[in-house]
Amino acid sequence: MLFSGRRQKIVRLTGDRQADLYPHSLQFYGQPPTENISLSEFETFAVDRLKLLKTVENLGVSYVKTSDQYATKLEGEFRKLHFPYRVETDEKSLDTEYDKRRKDHISHFILRLAYCQTEDLRRWFIQQEMDLFRYRFHMLSKEPAHDFLKFNNLHYESISDEEKNTLKEELINSSYGFSAPKVEDHDFYKVPFQDALDLVRGRKVYLREGLAYIPHQEIVAIVLNDFRTRLSKALAITARSLPEVQSDERLQPLLNHLSHAYVGQDYSIQKNIGKISLEQIDPFSTKSYPLCMRHLHKALRENHHLRHGGRMQYGLFLKGIGLTLEQALQFWRSEFIKGKVDADKFDKTYAYSIRHSFGKEGKRTDYTPYSCMKIILSNPPSQGDHHGCPFRHSDPELLKQKLQSYKIHTNGITQVLDLVKGMHYQLACQKYFELTHSVDDCGFSLNHPNQYFVESQRILNGGREIKTEVTQNETPQQILTNPAPKSATVPEENAAKTKGATKEAGCKRN
């Protein structure tokens with residue numbers, strides 16, 4: 001794959017050339033792309049596929065993967081991000097089908113480069129790609145599915161009608177949900193039983209003379225095993241060649257940060273700047289803070305101090321919810337001088353870093369509040385630290401005690417801990433949101449602590465923005481005329497910044 005700084009003109013291929021490149025909407029990704037691609041397109045494709053895989057992960061935990069709700073929501077994401085998910089037949093759709101298949105092909109290989117670096121990343125990537133493949137295979141009708149298997153040299157022998165009639169009773173008894181008419185209407189394949197161990201283990205197939213008789217709807221389990229084996233080997237090969245790829249200074253920063261990229265709204269744009277008062281922080285912390293920020297605020301109030309990691313994580317969060325630079329200096333100074341730091345030491349040692357985070361010192365970089373992925377994957381807390389993600393970095397027993405102290409009911413705690421055990425940390429936080437706000441389905445995918453705060457305030461204020469409270473030190477004119485800092489992102493977030501904010505969804509109360 002070649003890269004250029006300028007955006008290349010995309011030549012639409014039609015006819016035989018298009019059929020040769022991408023004959024099916026579903027791919028095994030056997031051959032890497034060889035065309036030129038601009039760096040802008042490289043980043044756009046990568047971020048869009050990452051959004052799709054994140055959606056696959058979230059929906060897979062929230063819904064049964066074979067349910068209509070799962071299919072409907074995932075289909076909507078495919079449409080929004082312009083990825084292929086079924087065979088198009090009408091002329092209008094065929095005009096854009098090549099672009100979708102090209103994007104699917106290239107974006108998969110880009111994320112291979114980003115997610116081959118560690119065992120955890122490889123495991124996550126393989127699981128989401130498998131779920132994505134399963135959904136798309138189920139969307140194929142009988143003939144396109146046969147074509148796909150044939151094209152990828154997956155030669156599964158379909159039994160004849162005569163053999164099907166001979167074994168009708170055995171097929172009905174061994175295949176879940178099959179009646180005599182259904183057996184007649186569906187194809188069955190003969191596969192060596194060792195290739196279908198999952199189906200054999202689940203007693204979903206008929207066994208005879210070392211062969212498993214698999215109905216068409218279950219053949220995806222065999223294809224998935226093949227897909228997983230190929231992808232796992234490909235990631236191992238990619239990892240060995242990664243140093244050569246990373247030597248390209250244009251790609252290294254993109255690949256290094258894609259694995260924990262945030263793909264949502266940019267909370268460095270402070271539309272609420274100056275809209276909260278210092279007196280509101282304590283009640284906000286118990287009502288609208290995610291657990292990580294609630295823990296940091298509690299530790300700050302108790303110890304009158306936070307280490308650098310905690311100050312950065314909490315300070316940028318406060319900046320994102322609307323604290324001005326002057327308010328931030330006042331907030332941190334008033335708390336630190338209650339401990340072992342006097343006002344003079346605070347001004348000399350700590351005030352600079354606060355001004356620096358607001359882009360008023362050093363390189364004048366206006367730093368962005370940390371996303372969930374950055375908190376989870378970067379700078380794990382050590383002894384005496386309070387930053388990080390409680391769902392990722394806390395001992396499960398301590399997390400359980402903390403949730404109990406916040407009056408979360410036993411069933412809710414069990415649900416949260418089950419998600420933590422499955423390493424679904426953001427979904428555990430989303431469940432915590434639903435439990436603390438008494439909603440059945442919050443209607444959004446949680447990716448950022450400031451998103452948590454915004455959605456919480458929307459519920460508590462009945463859909464309105466944050467209510468402005470004017471203190472003695474602030475006049476309405478000052479609040480309205482407080483300029484928002486220039487929007488910028490720290491280098492860690494650069495690869496994930498998108499052109500627009502994510503669409504915010506509402507929540508349904510119990």
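Qualifying salt bridge (Lys or Arg N to Asp or Glu O under 4.0 Å) partners for D131, counting only residues two or more places apart in sequence or in other chains: K65, R134. For F137, there are no ring pair (Phe, Tyr, Trp, His ring centres under 6.0 Å) partners, not counting sequence neighbours. By the ring pair (Phe, Tyr, Trp, His ring centres under 6.0 Å) test, Y432 pairs with no residue at all, sequence neighbours left out. Scanning for ring pair (Phe, Tyr, Trp, His ring centres under 6.0 Å) contacts around F331 gives an empty result, with sequence neighbours left out. Every residue meeting the side-chain hydrogen bond (donor to acceptor under 3.5 Å, both in side chains) condition with K402, not counting sequence neighbours, appears here in chain and number order: H295. S394 pairs by the side-chain hydrogen bond (donor to acceptor under 3.5 Å, both in side chains) definition with nothing, not counting sequence neighbours. Checked against ring pair (Phe, Tyr, Trp, His ring centres under 6.0 Å), Y135 has the following partners two or more places apart in sequence or in another chain: F78. Not a single salt bridge (Lys or Arg N to Asp or Glu O under 4.0 Å) links R294 to another residue, sequence neighbours left out. Evaluation of the salt bridge (Lys or Arg N to Asp or Glu O under 4.0 Å) rule for R79 yields E75 as partners, not counting sequence neighbours. When the side-chain hydrogen bond (donor to acceptor under 3.5 Å, both in side chains) test is applied to E397, no partner is found at least two apart in sequence or on another chain. Remark: K287 pairs with L460 by the side chain to side chain contact (heavy atoms under 4.5 Å, CB included) rule, at least two apart or across chains. Partners of K103 under the salt bridge (Lys or Arg N to Asp or Glu O under 4.0 Å) rule, at least two apart in sequence or in another chain, are D48.
Ring geometry for Y452 versus H437: interplanar angle over 60°, hence perpendicular rather than tilted (30 to 60°).
With salt bridges taken as basic N to acidic carboxylate O contacts below 4.0 Å, none links K73 and E77. With respect to the salt-bridge test (charged N to carboxylate O, under 4.0 angstrom), the residues D366 and K319 qualify.
If you run salt bridge (Lys or Arg N to Asp or Glu O under 4.0 Å) between E129 and each of R112, R136, R228, R49, only R49 comes through.
Judged by distance alone, the side chains of Y29 and D104 do bring a donor and an acceptor atom under 3.5 Å apart. The closest side-chain donor-acceptor pair between Y314 and H297 falls under 3.5 angstrom.
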